[in-house]
Amino acid sequence: MFMEKFFAKRGTYPGYEMYSMDHLKLVVASAILITIALMFSCRMKRKSVLKTIRYATVAMWVLEIGKIAFNLWSGNVKSLNSYIPFYFCSMPLYFGLFAGFGKNTVKRIGDVFLIVGGIIGGLVYIMSPSTTAGTYPAFHFITVRSFIHHGIMVYLGILMII
């Protein structure tokens, strides 16, 4: 039953409402996880931060590929964004590669985007998740993936500032 609901096709179960108790739980869980991650990494050296950016970028890519696979499997391919990441919050996928693996100007561009776009974009989504609210249940693969993705964005931005 758990896995059936977690990977249910769009519209099978009612979606959570924005600013509801379910949304509040997702916001609180995201805040707690971001805080714990920052507590463990606030004393990192520059080299360790670079490794963290690389691992986090790979994790975001794995989650994105999982989302694309889910959308293809469930028949939820209504737009190009369903299977090709070309929306604002997919930019950390690319700029994370710049920041983690780039050199000089390319690395700087990646760093700046992760700090500014990551924090702002991540917080805006966490506070107002318009792409999943009303569409999927709170504890659904797409919803959880989205909150993890945007939590990583916020985490990386704050980590780089620290």
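Since this is a predicted model, take the numbers as computed values, not measurements.
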Margin query: Is it the case that the side chain of S30 and the backbone of G151 share a donor-acceptor pair, with hydrogens and angles ignored and the cut-off at 3.5 Å?
Written below: no

Next item on the list: Kindly compute the distance separating NZ (K9) from CD1 (I142), expressed to the nearest 0.5 Å.
Entry: 13.5 Å

Margin query: Are M39 and I152 linked, directly or through intermediate hydrophobic residues, by side-chain heavy-atom contacts shorter than 4.5 Å (ILVMFWY only)?
Written below: no

Which side-chain N or O atoms in residues 41-53 pair as donor and acceptor under 3.5 Å with protein atoms at least two apart or in another chain?
residue : atom : partner : partner atom : Å
S41     : OG   : A37     : O            : 2.6
S41     : OG   : Y155    : OH           : 2.9
T52     : OG1  : S48     : O            : 2.9

Note to self: Please find the pair of heavy atoms, one from I68 and one from P85, that lie closest to each other, and give the distance.
What the structure shows: CD1-CD, 4.1 Å

Check: Should V28 and Y19 be regarded as members of a common hydrophobic cluster, given that ILVMFWY residues are connected when their side-chain heavy atoms come within less than 4.5 Å of each other, either directly or indirectly?
Finding: no

Check: Are I115 and L38 co-members of a hydrophobic cluster defined by side-chain heavy atoms under 4.5 Å apart?
Finding: yes

Next item on the list: Side-chain contact test, heavy atoms from C-beta onward, threshold under 4.5 Å: evaluate it for P137 versus T143 and give yes or no.
Entry: no

Check: Do I148 and L24 belong to the same hydrophobic cluster, where Ile, Leu, Val, Met, Phe, Trp and Tyr are linked whenever their side-chain heavy atoms lie under 4.5 Å apart, directly or via other members?
Finding: no

Notebook entry, point to check: Should M153 and I109 be counted in the same cluster of Ile, Leu, Val, Met, Phe, Trp and Tyr side chains packed under 4.5 Å apart?
Noted result: no

Checklist line | Close side-chain approach of S146 and Y136, heavy atoms under 4.5 Å | finding: no

Check: Are any non-hydrogen side-chain atoms of F70 and H140 less than 4.5 angstrom apart?
Finding: yes

Checklist line | Nearest heavy-atom neighbours spanning A56 and L156 | finding: CB-CD1, 3.8 Å

Notebook entry, point to check: To the nearest 0.5 Å, what is the distance between CD1 (I158) and CG (L114)?
Noted result: 12.5 Å

Check: Going through the checks in order, is the side chain to side chain contact (heavy atoms under 4.5 Å, CB included) test met by Y87 and T131?
Finding: CA-CA 11 Å; Y87 45 92; T131 56; over 6 Å; no

Notebook entry, point to check: Which heavy-atom pair separates T57 from L93 by the least distance, and what is that distance?
Noted result: CG2-O, 3.7 Å

Next item on the list: Quick one: which residue pairs count as a ring-ring contact (aromatic ring centres under 6.0 Å, His included) with a foot in residues 48-67, not counting sequence neighbours?
Entry: W61-Y94

Check: Quick check: does any side chain N or O of H149 sit under 3.5 Å from a backbone N or O of R145, one acting as donor and the other as acceptor?
Finding: no

Check: What distance separates I65 CD1 from M60 CE, expressed to the nearest 0.5 Å?
Finding: 12.5 Å

Next item on the list: With rounding to the nearest 0.5 Å, note down the distance linking CZ in R108 to CZ in F113.
Entry: 15.0 Å

Check: Looking at D22, T132, T135, which hits side chain to side chain donor-acceptor pair (under 3.5 Å) with Y16?
Finding: T132

Margin query: Angle between ring planes, F139 versus F6, binned at 30° and 60°: parallel, tilted or perpendicular?
Written below: tilted

Next item on the list: List the atom of W73, the atom of F7, and the distance in Å for their closest heavy-atom pair.
Entry: CZ3-O, 3.3 Å

Check: Can you check whether L63 reaches K67 side chain to side chain, under 4.5 Å on heavy atoms?
Finding: no

Notebook entry, point to check: Side chains of K103 and F98: does their closest heavy-atom pair fall under 4.5 Å?
Noted result: no

Next item on the list: Might you point out which heavy atoms bring P129 and M18 nearest each other, and give the distance in Å?
Entry: CD-CG, 3.8 Å

Checklist line | Taking every non-hydrogen atom, the tightest pair across G121 and C89 | finding: O-SG, 4.3 Å

